[in-house]
Structures are given as structure tokens and as C-alpha cells.
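Below is one structure, written out as C-alpha cells; the observations come after it.
The sequence lines fix the lettering, A, B, ..., with proteins before strands; numbering per chain opens at 1.
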2 protein chains.
Amino acid sequence: MFSRSEEDHIKAIHGLLQDAGQAFTKDIAERLNTRASSVTDMLKKLAGKGLVKHAPYHGATLTLKGRRQALSLVRKHRLWETFLVQRLGFAWDEVHEVAEQLEHVSSEPLIERLDAYLGHPRFDPHGDPIPDRDGRMPERVTVHLSEAQVGLRHRLVAVKDGSDALLRLLDAKGLAIGRAFILAARQEFDGSLQLTWRSGGCDLSAQVAAHLLTVPDPA
Amino acid sequence: MFSRSEEDHIKAIHGLLQDAGQAFTKDIAERLNTRASSVTDMLKKLAGKGLVKHAPYHGATLTLKGRRQALSLVRKHRLWETFLVQRLGFAWDEVHEVAEQLEHVSSEPLIERLDAYLGHPRFDPHGDPIPDRDGRMPERVTVHLSEAQVGLRHRLVAVKDGSDALLRLLDAKGLAIGRAFILAARQEFDGSLQLTWRSGGCDLSAQVAAHLLTVPDPA
DNA sequence: CCAATAATTTAGACTAGCCTAAATTGTGCC
DNA sequence: GGCACAATTTAGGCTAGTCTAAATTATTGG
């Protein structure tokens with residue numbers, strides 16, 4: 001249906017609209033490791049196919065059709081990442097590039113069967129939501145760790161800015177996405193949080209800047 | 001490492017060398033649904049990369065390097081087919097095209113983990129052997145057709161006495177070496193076998209004397 | 001308001017991979 | 001041997017996707 005390059009551009013635009021609210025030519029080029037002029041060419045092509053609205057000199061947005069296609073790609077990417085971690089035993093930070101290839105494999109029945117095989121997961125190993133087949137995102141009630149109640153049991157579900165560095169830091173401390181812990185103490189120093197938590201019988205601590213999203217975890 | 005098209009050509013050449021002992025330009029073109037002139041271009045390119053030996057006007061063979069690459073592709077293809085059937089519940093005749101895409105995903109760790117996850121299978125759902133990581137094929141247990149179980153899917157792998165006449169007879173009936181079929185009925189008349197089988201949607205029959213070697217073909 | 005600058009688009013060129021048509025080569029038969 | 005025919009290669013052209021360099025547009029500070 002669409003070429004690899006077309007799909008990559010659509011996903012990049014979608015990602016930028018999510019992250020920054022706008023998708024400029026140079027930012028798309030940067031994400032895809034190409035040049036702005038190449039992006040312009042592709043924007044014209046995708047606009048011609050009705051996937052993208054291109055406002056020359058003012059960036060691109062997605063049409064309904066383009067958004068649907070982007071969500072389908074996100075769905076495939078996140079399902080494959082879930083498969084790679086849950087079934088093949090990869091670590092969550094090893095799977096991105098392979099999933100980047102797998103998401104371009106084109107087969108509706110494949111992705112629906114994979115989804116079922118994985119038990120219709122709602123979030124991927126990075127804590128990101130997996131769109132359903134119609135592009136609907138699952139809802140999640142999250143609380144910034146900076147506002148979470150000390151002494152209560154929580155579960156880490158995502159990091160707001162998706163920082164791999166922070167995730168790795170926490171991972172090294174035994175706190176991963178999906179992991180439950182008890183928030184033991186929290187101190188704020190202008191924009192930075194000093195956290196102490198209890199998990200798996202140990203007391204651990206770290207200094208973090210980003211917003212950790214958690215859910216209160218009953219029992 | 002190699003482009004999709006390069007990989008497709010290498011696999012086609014390997015397949016023809018297996019099936020026919022020779023890989024001619026027009027046969028490669030036919031397998032890949034392209035034209036002979038396109039194949040010639042690619043043969044030159046692959047010869048330049050040291051994967052193929054191209055004897056102009058006399059077809060192509062694979063170098064050691066090319067053979068290794070072909071076996072790696074066959075391995076990936078058959079492991080993915082096994083996954084699709086064994087884990088995702090596809091029927092064995094629905095998986096070829098998807099596996100054709102998946103085999104081009106490039107990641108050593110992925111394929112080794114997939115292999116382990118599937119329990120290091122030695123044959124794929126079509127009964128074809130899966131090369132190991134070093135390109136070695138598993139040995140296959142063969143069964144005389146006079147002792148093969150009626151109703152099961154089999155694959156003709158050899159004729160014990162190598163009779164040309166028999167091969168020609170079977171060939172005319174659409175049953176060649178390497179061909180899978182379902183053994184529908186078998187009657188013995190002093191040393192001679194009356195066989196009926198189903199292959200490619202047709203019921204066929206023949207009277208044969210030689211020992212046909214087959215393998216049971218898990219469905 | 002306009003000149004400097006940054007972002008973007010346009011123009012023109014290149015490669016990979018494919019095609020058709022024409023030229024070439026190999027083969028088999030008289 | 002040489003001719004007919006099939007297979008193959010060569011020649012030349014096309015498209016998708018990329019690039020660099022030049023031209024254009026938007027923005028912003030003085």
C-alpha cells in the first residue's frame with residue numbers, strides 16, 4: 001500500500017505532532033536522518049495521496065487518513081516491542097530498531113493474531129499505550145511522581161518525556177516500567193526530585209528531573 | 001547489508017540450484033516476476049559483490065558467501081513460518097507471503113531468540129528442514145512409500161533406484177522430487193503399487209514399481 | 001520598515017531497480 | 001557448415017527516493 005519511506009515520514013510527522021504540536025520540515029528531516037529538501041518532496045507526494053496537509057513554509061499535519069495510517073504503524077510497532085520483550089526475552093531498551101523493521105511488515109491477519117497471542121496488551125514495555133485496531137488509545141489515570149502520596153504503593157507506568165537515559169538509570173536501580181514500589185520519601189530541589197523507594201525488600205534512592213507517571217497500586 | 005532485491009535474487013538462485021541443479025536467467029526472472037534483462041543486471045551486481053558466479057549465457061551459481069547468505073534467508077523464512085503456524089495459529093498454506101516479508105528483517109539476536117523460543121525446530125510446517133545458524137541442514141528420516149501412512153501429507157524426496165522412467169512418469173503426473181502431496185490410497189499387486197494422491201488441488205494416480213522415499217509432512 | 005538570517009522550496013543531478021527493444025550468443029537440425 | 005530459434009545480454013529509458021546548491025519566503029531585531 002505505502003512504501004517504507006512513505007510510512008517513515010507519516011510516523012515522523014505523527015510523532016512530532018504528538019511531541020511538539022507541530023511538524024516542521026527540518027524536524028522531520030532530522031528524525032529521519034535525511035535532508036529538508038527530500039522531506040519537501042515527500043510531503044508533496046503524501047499530500048497528493050491525501051495523507052498529509054502541507055502548508056508550504058509552515059509545516060505539515062496529517063489528514064484523517066494519514067492519522068489512521070500513523071496509528072496503525074504505532075500499533076504494529078508497540079505490539080512487536082511487546083512480543084520481543086514478553087516472549088523473546090529482550091530487554092525493553094534493545095527492541096526499538098528491530099520493531100522499526102517489523103512494523104513495516106504488511107499483513108492485517110498477522111497483526112490481529114499477534115495482538116491476540118499477546119493477550120491484547122494495552123501498554124507496551126516502555127509504558128506507552130497501544131492503539132486498538134480502530135486507532136483508539138486506552139485511557140490511563142496517571143499521577144506525576146512529584147505529586148504521588150508518600151508511603152503509598154505505586155506502580156511506574158511511564159516517563160513523561162520518554163527519556164531512555166532516565167529509564168536506564170532507574171532500571172539499574174531496580175525500578176522498571178510495570179514495577180510496583182512504595183514511595184518512602186521525596187524531597188524537591190528546584191526542579192529536581194530526590195526519591196527514596198522500597199521495592200523487592202530494598203531501600204533505594206535516585207535524583208531525577210523528569211516527570212515519572214505512576215498509578216496508585218492497591219494491595 | 002543486502003537490499004531486499006539482492007536477497008530475493010540470491011534466494012531464487014539457491015532455490016533453482018536445489019530444484020533443478022542449475023539457475024538460468026529466465027528461470028530466475030520467472031521466480032521473481034521480473035524480466036531476464038533485470039536479472040542479468042542483478043547477476044552482474046551480485047557477482048561484483050562476490051555472492052554469485054555468473055557464467056554469461058550459462059546461468060549463475062552461488063559462491064560460498066552467497067550460499068551462506070541463501071541459507072541464512074532460508075533459515076529465517078522457515079523459522080518465521082514455524083512461528084506463524086505453531087504460535088499464531090495460521091494454517092501451513094497461509095504463511096508463505098508473510099514469511100517472505102519477515103525473512104528480510106535483519107537482526108541476528110532476533111532470529112537466534114526466535115529459534116530458541118520455538119524450541120530449535122528442525123523442520124518447518126511444510127516439512128522442509130531448517131538450517132542451523134551455520135547453515136547445516138538436519139538429517140531427514142525417510143519412509144518407503146509402500147509403508148507410508150495413507151491420508152497423511154508427504155513429500156517426495158528421492159527415488160531409491162533413481163529410475164528415470166519412473167521420474168518421467170511421475171513428472172508427467174505432476175509429482176516431482178521435492179513435491180508435497182497427500183497420499184489418498186494405495187493398493188499392492190505383486191510388487192507393484194497403485195497409488196492415488198492429491199497435489200495442487202487435483203487427484204492423480206499411477207502404477208509404480210520403484211521405492212519412493214518420502215517424509216511424513218506435519219501439517 | 002527593512003535587512004539579516006533561518007527555514008523552506010525549487011532545480012538539477014545521481015543511484016537502484018526495473019522496463020522494452022535491439023543486438024548478440026548458443027544450440028540443434030538439415 | 002550454416003540457418004533458425006531460443007536464451008541472454010546490451011542499450012537506453014523510466015520512477016522513486018535521495019542529494020547539493022541556488023532561489024525563495026518568513027521572521028525578527030534594529
Side-chain angles (χ1 to χ4, degrees), chain A residues 1-17 19-62 66 69-70 73 100-101 103-104 106, chain B residues 1-17 19-62 66 69-70 73 100-101 103-104 106:
Chain A
M1 188 68 174
F2 302 112
S3 74
R4 166 85 198 237
S5 179
E6 287 170 338
E7 292 190 344
D8 283 338
H9 280 77
I10 288 173
K11 226 186 66 168
I13 295 166
H14 183 258
L16 285 165
L17 291 174
D19 295 356
Q22 286 179 297
F24 292 112
T25 306
K26 85 170 162 60
D27 299 314
I28 300 168
E30 196 175 338
R31 281 212 178 195
L32 298 177
N33 258 301
T34 60
R35 301 313 183 121
S37 58
S38 309
V39 171
T40 300
D41 286 349
M42 188 54 85
L43 290 182
K44 284 196 255 182
K45 187 179 177 193
L46 292 173
K49 287 193 173 191
L51 293 157
V52 155
K53 258 210 282 285
H54 182 203
Y57 297 101
H58 296 282
T61 52
L62 293 174
Q69 181 61 27
L73 288 165
E100 203 79 355
Q101 293 184 64
E103 78 191 8
H104 296 289
S106 148
Chain B
M1 189 69 174
F2 302 113
S3 74
R4 165 84 198 238
S5 178
E6 287 171 338
E7 292 190 345
D8 283 338
H9 280 77
I10 288 175
K11 227 186 65 168
I13 295 166
H14 182 260
L16 284 164
L17 290 174
D19 295 357
Q22 288 179 297
F24 292 112
T25 305
K26 84 170 164 59
D27 300 314
I28 300 169
E30 196 175 337
R31 279 211 179 196
L32 298 178
N33 258 299
T34 59
R35 300 314 183 117
S37 58
S38 309
V39 172
T40 300
D41 287 348
M42 188 53 86
L43 291 181
K44 283 195 255 183
K45 186 181 178 191
L46 292 173
K49 287 194 173 191
L51 293 157
V52 154
K53 259 211 281 284
H54 183 204
Y57 298 101
H58 296 282
T61 52
L62 294 174
Q69 181 60 28
L73 289 165
E100 202 79 355
Q101 293 184 64
E103 79 191 7
H104 296 288
S106 150

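Rounded to whole angstrom, the span from the CG atom of A/Leu46 across to the C1' atom of D/dG17 amounts to 12 Å. Rounded to an integer number of Å, the gap from CZ of A/Arg4 to C1' of D/dT15 is 20 Å. The interatomic distance linking A/Leu32 (CG) with D/dT18 (P) rounds to 8 Å, in whole Å. For the pair B/Lys26 NZ and D/dA7 P, the interatomic distance rounds to 5 Å; values are reported in whole Å. Computed from coordinates, the A/Met42 CE to D/dC19 C1' distance equals 14 Å when rounded to whole Å. Rounded to whole angstrom, the span from the CG atom of B/Asp41 across to the P atom of D/dT8 amounts to 14 Å. Across the protein-nucleic acid pair, A/Asp8 atom CG and D/dT18 atom C1' stand 14 Å apart, rounded to whole Å. Distance CG (A/Leu43) to P (D/dG17): 13 Å, rounded to an integer number of Å.
Under the 4.5 Å side-chain criterion, counting only non-hydrogen atoms from C-beta, A/His104 is not in contact with B/His104.
Here the straight-line distance linking atom OG1 of B/Thr25 with atom NE2 of B/His58 works out to 10.5 Å at 0.5 Å rounding.
Within the nucleic acid shown, A/Ser37 comes within 4.0 Å of at least one base atom, counting heavy atoms only. At the heavy-atom level, A/Thr25 lies under 4.0 Å from the strands shown only through sugar-phosphate atoms. Within 4.0 Å of B/Ser38, counting heavy atoms only, lies at least one base atom of the nucleic acid.
A salt bridge links B/Arg4 with B/Asp8: the closest approach of a Lys/Arg side-chain nitrogen to an acidic carboxylate oxygen falls below 4.0 angstrom. Using a 4.0 Å cut-off between charged nitrogen and carboxylate oxygen, B/Arg31 and B/Asp27 do not count as a salt-bridge pair.
Annotation: of the two residues near DNA chain D, A/Ala36 and A/Pro56, the 5′-most nearest-nucleotide partner is A/Ala36. Along DNA chain D, the nucleotide nearest to A/His9 and the one nearest to A/Tyr57 differ in position, and the one closer to the 5' end is contacted by A/His9.
Once you apply a 4.0 Å limit to the heavy atoms of chain B, the touched nucleotides of DNA chain C run 5' to 3' over C/dA16 to C/dT27.
Taking both residues in full, the closest heavy atoms of B/Ala60 and B/Leu43 are given as CB-CD2, 3.9 Å, listed atom of the first, atom of the second, then distance. For the pair A/Ser106 and B/Gln101, the tightest heavy-atom approach, listed with the atom from each and the gap, is N-OE1, 2.8 Å. Shown here for A/Gln69 and A/Glu7, the closest heavy-atom pair between the two residues is NE2-OE2, 3.6 Å.
In terms of phosphate contacts, A/Arg35 brings a side-chain nitrogen or oxygen within less than 4.0 Å of OP1 or OP2 of D/dT20.
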